[in-house]
Amino acid sequence: MNKPKMATEKGVPSNSRVMMLLGQLERMNGEAMMRDVETARQVTAKICHLIQTQEKSGKEVMSKGSSGMEVILASLENTRDVQTTLNIFYILSELLTVGEGRRVGVFVSKGGTGILFQILITASKELPPSEELMLQLHSLLAKVGPKDRKFGVKARLSGALNATVNLTKQNLQNTKLLLPCLQVLRVYSTNSVNAISLGKNGVVELMFKIIVPYSKKNTSLLKVALDALGALLKSKTNARRAVDAGHVHVLLALYQDWHHNDTRHRHMLIRKGLLVCLRNITNIKLGRKALIDADGMRILYNSSTECLPVRTLDPLVNTSSLIMRKCFPKNRLPLPTIKSAFHYQLPHVPAVGPVAQLYSQPPGGRKLHQLCDRPLKKVDDVVDESDDNEETDADTENDTDNEEDEKDQHTANEDIETDLNKLHPKKNPGRPFEELRVYERFFLELSEDFQGYNFEPSKNASTTSSTFSSTRSTRPIIVPTAQALSPKHVPITSNPTKGERTLPSALVPTPAPLTPLELDTIHLTKDQDRQEEAHIPSPDTHTTLSSLTRPPSEAQTIEQDLAHVLECVSLVAEGHTGEEVGWGVKQEGSSVNATRHIQSPLLLEGIANRRVGGGGSNWGSDCGSEGAEDEGGDGAVLEVPDTALLLPLHDPDLYVEMVKGTHSVPQYAEVAYPDYFGHIAPTFREPLQERVYGVQRSKIFQDIERLIHPNDIVDKVVYDLDIPSCPVIEDNGESLKFNSQFESGNLRKAVQMRKYEYDLVLNSDINSNHYHQWFYFEVSGMRVGTNYRFNIINSEKSNSQFNYGMQVLMYSVQEAISGKPRWVRTGTDICYYKNHFARSSIAAGGQKGKSYYTMTFSTSFSHKDDVCYFAYHYPYTYSTLKMHLSKLEALRTPQIYLRRDVLCETLGGNSCPLLTITAMPESNSNDHICQFRNRPLIFLSARVHPGETNASWVMKGTLEFLMGTSPLAASLREAYIFKIVPMLNPDGVVNGNHRCSLSGEDLNRQWQNPNPELHPTIYHTKSLLQYLAHIQRAPLVFCDYHGHSRKKNVFMYGCSVKETVWQSNISATSSDLQEDLGYRALPKILSQIAPAFSMVSCSFVVERSKESTARVVVWREIGVQRSYTMESTLCGCDQGKYKGLQIGTRELEEMGAQFCVALLRLKRLTGIRNHQHLLDLESDIIGTQSKVVSSSPTTYVMEEDEPSFLEAIDYSAESNDEDAEPETEHGIEVQENPNHLDQLSDCETNHRD
Ligand SMILES: [Zn+2]
């Protein structure tokens, strides 16, 4: 294969002619060169001839080990003869043309560039300089420049910049020489310092002279001049210079000329070059203004629209779009303040932190007098235009060309914890046991002796259960516990009047008229069967719901069911006044609420009315329930899904009961249908949505059209929480109606922008001025078959899975009542991009000039008079949790030990449930009791972040598995004691927050030092763990369930000293690295059994920014080695069985169940030493070590909730990146999976079952 190369090795004399000549040249070096000009000319000419005519000669000169290049460069340096110099130039020119840059590399490394610059300086002193020499010299420089990273600096230091500039100025008409000069100037200009210097020397003006006026002559010259100009205009000083000289107008006119004349698109690059100049000029405010003044928006919009049909012109459309986005006038959000529309008065304000900051500003909470037409306060939503540090070019001193890359690598690593002391778990609870002793009451199972308990196998379930209950109730429990199984006991509140709510008699109408419903979907027989079944009394529902008791039996018709529904869905909160302690809503607000409840849009007759009235004149009016009665027709039958039957653990009646005991800051009196009916996961697949080519661009163009065609703009507010008396605004039926005044709802404002397009603004987390991402709202008054566009305009994250296949969730009430109560993934033309609404620096963590992001989707509705709901992810309210827990309690068998305590009350007055699940001991014999008490503990929690509803669905799966009857579940209960806090942040969930609790803080950043008043759930959960640590019963596994908005699959974050040290490059002794690999076992097992779980996405690095999260604190302070965060995707999977599918509740619940199964396997592994499985596992673990070290950044730069994401799509309208075309659709796929390759290799090495 390998052909031996002749004359390559050093020392081997070559007999080739070219090498002989080079040898001769070498011997001439020095004085001989000067003396014997003629010979030098001859030798160089011969070499030149050989290289020009024989390819092999060039190869010999450039071959490895050959000193050919040194000899040539030395001759070049020594000769003073123009002809010899030229000959050498010809030689170099020939040599450097081939070799894909390697030869240029050799040339540069031997100092060639510097020699060329020296010759340039010398030659330019001669008047006039030799044209041929200059021509060849610049051609060479142009060839070498792009490959020499220090080219710009060398040029400036040697004085070559001016030499080239002067030469250019003197040869504007001499195209032959002008071209290489421009090529060299283009390279000079890429250095930012040079750009400024060249600008001062008039090079910007010079370039304009070359590119204007429009002419198709010398297009290659034009192209180079535009490139150089584009580079020069990156300097803000130069950009300002160009604006001052009126060149924006010139560029636009020229662009139009080219656009009109280049009909066959042969000069795309010139057109692109002009746009690049405009793009760079508009980086400064002055430039943006000039562009708008010169009608640039319309010019670019029109030309782009004409380019759209030609795919090859995409770069033009994309660059135009980028410029237009930048120039689009920045707006404020249409809000009186960005602080949450609701305010909760905290018991005390923390001294520091985001809330303190918020409180230090003038009050801006919701007040009645603060109407939306009040002038905008500038306090908290200042428009920052500070992207214009025009004082100096920030990059003046920057000579390294790839500083950016270095920066990137830096941020990737700087979050890793490098303090070895912090990396070693301290296992010091830090609190005296006396303080923790009170938590003993939450661990009755550790002292339970079951002496009064009857273990007779003959006992039936209910007796056993009650015996057990009574056993429990004998114990003094000071902290209120939810001792009751029946829902009537559930609304335990500190203030008994709070729970007391009655139904308005006016709202119990006769059955609603329902004629227009699709009768063909109704199957009476089947339905009756269902009804009968449904009325087998179940112990924990009907019997206790006195106010809602269904009429007993036979006579019960579907209509009665309906009436029943009506009753349930409208809640009246009686005696709701603001005086209750801790309720932050102002008195006025409450009275408003008190009247508002009657107009519940959730009444079913509302649906009928809207159908008839074609737009719902009754919507929101107090008389909604009348009128409806006449229209019915006796044939009207509505099939109400008995979701209690379809969903064994759902009960609409019970749900309503639960809502009554739930306390929200806005004092919601309505129930959203989806939460009432429940959700049955669809049986069909919901694939990740393929992104339509150019979707972002077309959405942006539609946004820009708002400026171009202002007459299309309706700009009508249709929903506004800042007008508390009437958030739903009456209208003539031309608009959709919005509502989100129910648990977990958070729509603040809806503005109809065009006939079928709405801008939606989400409410901030309470006591905060940001964190918008989660949404949940209701829409009605729709037209069938019309495509509506919805834009959520104040999203904050810089990227979203909505760009990668995720769809929004929609729930149709019409579908639900026709037997399909379910959330479905919906929406087309979905994308997520930076918009023109400015974020105040206060809400952007001090960063100035940030914008919000738009999450846009389009959808059409298939039912007339429907009420539809949209949500970010499958909702799971606090009331749903309470309902679910009650239903779970009913599943208890004599073998199950289940206790439900109230860990504490939240700030908002909601109780935080704590569950204990294990198996009952077999008997009260010593052995059995001992085994019972000594089971290892598993501690689980979820939903600290309210917007991560998927965590609750995973928790639901875990709980149902644990309460199940399978042998696996039984073994699991026998193996462990489970302590579970299923919802760490009930207040956040209730009030529709995305991230925080009522204190306006992220509770998962409070674990180091939780405040008992402000963060009670965290404080007490941590105390439980501290108590356990004190009594030497720290849990075997701690896991906090979360949701991840920017990654696919399900994965875990854990804590490992070793892996942290590996990633951080800190030096550590081997003793520092002594670590049991046990932390990897659970995720490893999960990756083998849970289809959604991905091991490659897991990470075990301890980050500084996460030091106050549950995972890190439980690991470090409690000493739990297996302390995890489990992250479930909001989007879908890109591996395993669910690859290509969006995730649904079934998959999430399955994940929760698989987590339990994995714990059982973990038990076996940890229980049996030297077992083959353990060895396999360990070898797997060892196998992964090397991979971890060399893994791609995403696996070690982990952030619990928001990983830094490679921006595949150009979100940043301020982007300066030459090559980054917005929406290179292909690029998305590639970049989105940075560890794609890793995954492949992982599949190859670790065959997963
Ligand atoms: Zn989270």
Side-chain angles (χ1 to χ4, degrees), residues 354 415 744 746 765 768 770-775 795-801 806 871-876 878 881 939-956 958 980-989 991-997 999-1008 1010 1015 1017-1018 1021-1022 1038-1055 1092-1093 1097-1099 1101-1103 1105-1115 1123-1131 1143 1148 1151-1152 1155 1197-1205:
D415 193 29
S744 295
N746 71 337
D765 283 8
S768 147
H770 63 132
Y771 300 111
H772 327 104
Q773 208 76 20
W774 160 259
F775 57 85
S795 300
E796 287 168 302
K797 292 189 179 180
S798 60
N799 201 349
S800 162
Q801 284 287 327
M806 183 163 87
Y872 181 57
H873 197 72
Y874 303 90
Y876 191 99
Y878 171 63
L881 173 73
F939 204 111
L940 307 176
S941 59
R943 209 67 192 283
V944 70
H945 293 141
E948 295 163 6
T949 56
N950 45 358
S952 280
W953 289 94
V954 177
M955 183 54 87
K956 180 174 186 281
T958 295
I980 301 175
V981 185
M983 193 174 278
L984 279 167
N985 189 358
D987 289 348
V989 171
N991 293 295
N993 283 5
H994 175 65
R995 185 109 184 149
C996 300
S997 72
S999 74
E1001 294 162 293
D1002 180 344
L1003 288 180
N1004 203 31
R1005 294 295 183 277
Q1006 310 303 330
W1007 280 79
Q1008 273 190 324
H1015 325 115
T1017 59
I1018 305 303
T1021 306
K1022 184 175 176 184
F1038 170 84
C1039 187
D1040 191 20
Y1041 295 180
H1042 282 250
H1044 208 293
S1045 68
R1046 300 205 275 185
K1047 281 184 164 186
K1048 294 202 167 67
N1049 311 314
V1050 180
F1051 50 94
M1052 272 178 159
Y1053 294 132
C1055 303
F1093 196 91
S1097 303
C1098 294
S1099 168
V1101 171
V1102 181
E1103 316 91 323
S1105 61
K1106 301 296 157 60
E1107 67 175 6
S1108 203
T1109 60
R1111 163 178 62 106
V1112 176
V1113 169
V1114 172
W1115 170 75
S1123 175
Y1124 306 102
T1125 298
M1126 185 161 80
E1127 300 275 0
S1128 301
T1129 179
L1130 290 159
C1131 175
I1143 204 145
L1148 292 166
M1151 188 62 230
F1155 183 85
V1197 185
M1198 351 130 277
E1199 300 185 15
E1200 214 148 314
D1201 294 284
E1202 357 247 308
S1204 56
F1205 196 92

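Counting starts at 1 for both ligands and their atoms, in listed order.
Scanning for side chain to side chain donor-acceptor pair (under 3.5 Å) contacts around Asn746 gives an empty result, with sequence neighbours left out.
Aromatic ring centres of His1042 and Tyr1053: separated by at least 6.0 Å.
Considering Ile980, Thr1021, Val1114 as possible partners of Phe939, the one that fulfils the side-chain contact (heavy atoms from CB on, under 4.5 Å) test is Thr1021.
For His1042, the N, O or S atom with the smallest separation from the Zn ion (ligand 1) is ND1. Of all N, O or S atoms in His945, the one lying closest to the Zn ion (ligand 1) is ND1.
In summary, the side chains of Ser999 and Glu1001 do present a donor paired with an acceptor at a separation below 3.5 Å, with no hydrogens or angles considered.
With 2.8 Å as the limit, Glu948 counts as an N, O or S neighbour of the Zn ion (ligand 1).
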